[in-house]
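Being a predicted model, the structure only gives us computed values, none of them experimental. Atoms within a ligand are numbered from 1 in the order they appear, just like the ligands themselves. Heavy atoms only: backbone and side chains are in, while hydrogens, waters and symmetry mates are out.
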Amino acid sequence: MLGCPRPMFRRLLIANRGEIARRINRVAQGMGLETVAVYSDADAGLPYVHEASQAVRIGPAPSRDSYLNTEAVLAAARQTGAEAVHPGYGFLSENADFARACTAVGLVFVGPPPEAMARMKDKAVARALAAEAGVPLVPGSPGVVEDLSAAAAQAERIGYPVLVKAAGGGGGIGMAVAHTAAELEKAFRQSSDRAKAAFGREGVYLESYFPSPRHVEVQVLGDRYGNLIHALERECSIQRRHQKVVEEAGSPLFLGGQNVQLREAMVEAALAAARAFGYANAGTVEFLVNGEGFYFIEMNARLQVEHPVTELTTGLDLIGWQLRIAAGESLTVRQDDVRRSGHALEFRIYAEDPVRFLPSPGRLTAFRPPDGDGVRVDAGYAEGDVVTPYYDPLIAKLIISGRDRREAIERAERALLSFQVDGIKTNLPLHLRIVRDRAFQEGVLDTHFLEKHAKG
Ligand code: MV4
């Protein structure tokens, strides 16, 4: 019955791999739950597999045959008597059909209601709902544009440059810029074609293109009874080809009490958007900040890779709350309880060639993460493990906290210098250049930072 406190489930299946599976496992076991890991043939020897209470093989290495295989994941849950499924990020985490499939067999899906997931997945629908809720949007088309002539009319109204985006997209897939009317046809085609190839639907919409915005996002957390709070913002402007590289809490925009009104308006807008989507559980509302303005772009229905910087600066246990909320508990943290203390930075350590940015799989002949005050490493691998080419190249997250941003940066430099990884190439040298970069130290960031700074 709604509103009736239910006992926490006892056994949780973690439908993911690597560092996030390990992290969810640690939180769940800390709460007294039994855990079930699932693994593909490529991952049988990884730490998360032996740290879980039990583990089930779900298929061969390619994700479509293992981590994306709903039937295999549900079979593992049935076989082990799991009562709930945490999807982590990526893979099935934003798949409303998977969430429904879990519910249909009596499993608790640790995430938002499937209806909310569906509303957010279609970016044109999400824009319309956010607009209705009074959330500022990037100026753009009111919905999907049906054909090139409709796109041309909208582009004239919005003004060039425009960005053509795939309604089924997100994360930068299927985006194409048109600087002038002459470029619109190509951008429209490119975005429609990519949308169709990646999402099976060709719906696209238009936005005014901001050449160098900052990417600032707000963490929200809500229960099923309408209690909804935000846990302040993160800045994620430093990225390469839509892959985030460094994230932090809070945004340097707000250091030293600057731009207080902007932040207040942004967190309120995030709450309004989450309410409009009927959101529950942990989610993230993404904004672009351009000059004095902030603009909603999309909402993510999952725990984000970068959630630790929020946990370290607010003291909130986001995964713990995800589990309790999914079990039907109410959120007892009030908005006034959420305060930021100190500063946190996250560096994504990727198995990649730092010069050519190509994946660099191989055996970790040495893997010695740093430690010390304010240093936390969430790694998916241990020394001797093999990084395979099948999945995301993220091998670890170096998460640094300090009393202020300056202390966090100093600690980060030391930690990066002593992080020893041999056998594969990583982007550790890039991170070192970033923390030593003057613009980074001054907090002057935008989404094109790496094209201008921290060059080799
Ligand atoms: C934009 C934009 C500029 N103008 N929209 C990329 C990922 C997707 N979530 C939205 N993205 C962007 N949308 C308008 N109207 C620039 C980006 C963008 C970006 C956004 C966030 C983080 C990194 C980015 C890198 C390049 C472009």
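With salt bridges taken as basic N to acidic carboxylate O contacts below 4.0 Å, none links R234 and E247. The pair R340-E233 meets the salt-bridge criterion, since a charged nitrogen lies less than 4.0 angstrom from a carboxylate oxygen. For K196 and D193, the salt-bridge test fails: no basic side-chain N is under 4.0 Å from an acidic carboxylate O.
Ranking protein heavy atoms by distance to atom 16 (C) of ligand 1, first place goes to P213 CG, 4.2 Å. The shortest contact between atom 9 (N) of ligand 1 and any protein heavy atom is with E298 OE1, 3.3 Å. With hydrogens left out, the protein atom closest to atom 3 (C) of ligand 1 is F210 O, 3.2 Å, a heavy atom. Taking atom 27 (C) of ligand 1 as the reference point, the nearest protein heavy-atom neighbour is H242 CE1, 3.7 Å. When only non-hydrogen protein atoms are considered, atom 19 (C) of ligand 1 lies nearest to T447 CG2, 3.9 Å. For atom 25 (C) of ligand 1, the closest non-hydrogen atom of the protein is Q239 NE2, 3.0 Å. Scanning all protein heavy atoms for the shortest distance to atom 22 (C) of ligand 1 gives H215 ND1, 3.1 Å. For atom 8 (C) of ligand 1, the closest non-hydrogen atom on the protein side is G172 N, 3.7 Å.
Ring centers of F419 and F367: under 6.0 Å apart, within the cut-off.
A 6.0 Å sphere centred on CG of D147 holds more than 12 heavy atoms belonging to other residues, nucleotides or ligands. No more than 12 heavy atoms of other residues, nucleotides or ligands shown are found within 6.0 angstrom of CZ on R403.
Short contacts between ligand 1 and V138, defined as distances under 4.0 Å to a heavy atom of the residue, involve ligand atoms 15 (N). Remark: ligand 1 atoms within the under-4.0 Å shell around heavy atoms of Y209 are 3 (C), 4 (N). Counting the atoms of ligand 1 from 1 in the order shown, those under 4.0 Å from a heavy atom of S208 are 4 (N), 14 (C), 15 (N). Near K165, meaning under 4.0 Å from one of its heavy atoms, ligand 1 places the atoms 1 (C), 5 (N), 10 (C), 13 (N). Interface atoms of ligand 1 facing E286, defined by a heavy-atom separation under 4.0 Å, are 9 (N). Atom numbering of ligand 1 starts at 1 in the shown order; those under 4.0 Å from a heavy atom of I297 are 9 (N), 10 (C).
The aromatic rings of F210 and Y295 sit tilted relative to each other, their planes meeting at an angle between 30° and 60°. Relative orientation of the F277 and F296 rings is tilted, given thresholds of 30° and 60° on the angle between their planes.
With a 4.5 Å cut-off on side-chain heavy atoms, M120 and P112 do not count as touching.
Ligand 1 has an N or O atom lying under 3.5 Å from an N or O atom of E207, backbone or side chain.
If you take OG1 on T314 and CD1 on I229, they are separated by 8.5 Å, rounding to the nearest 0.5 Å.
Ligand 1 has at least one atom lying under 4.0 Å from a heavy atom of M175. Under a 4.0 Å heavy-atom criterion, K244 is not in contact with ligand 1.
When E248, E235, E286 are each tested for a salt bridge (Lys or Arg N to Asp or Glu O under 4.0 Å) with R214, only one passes: E235.
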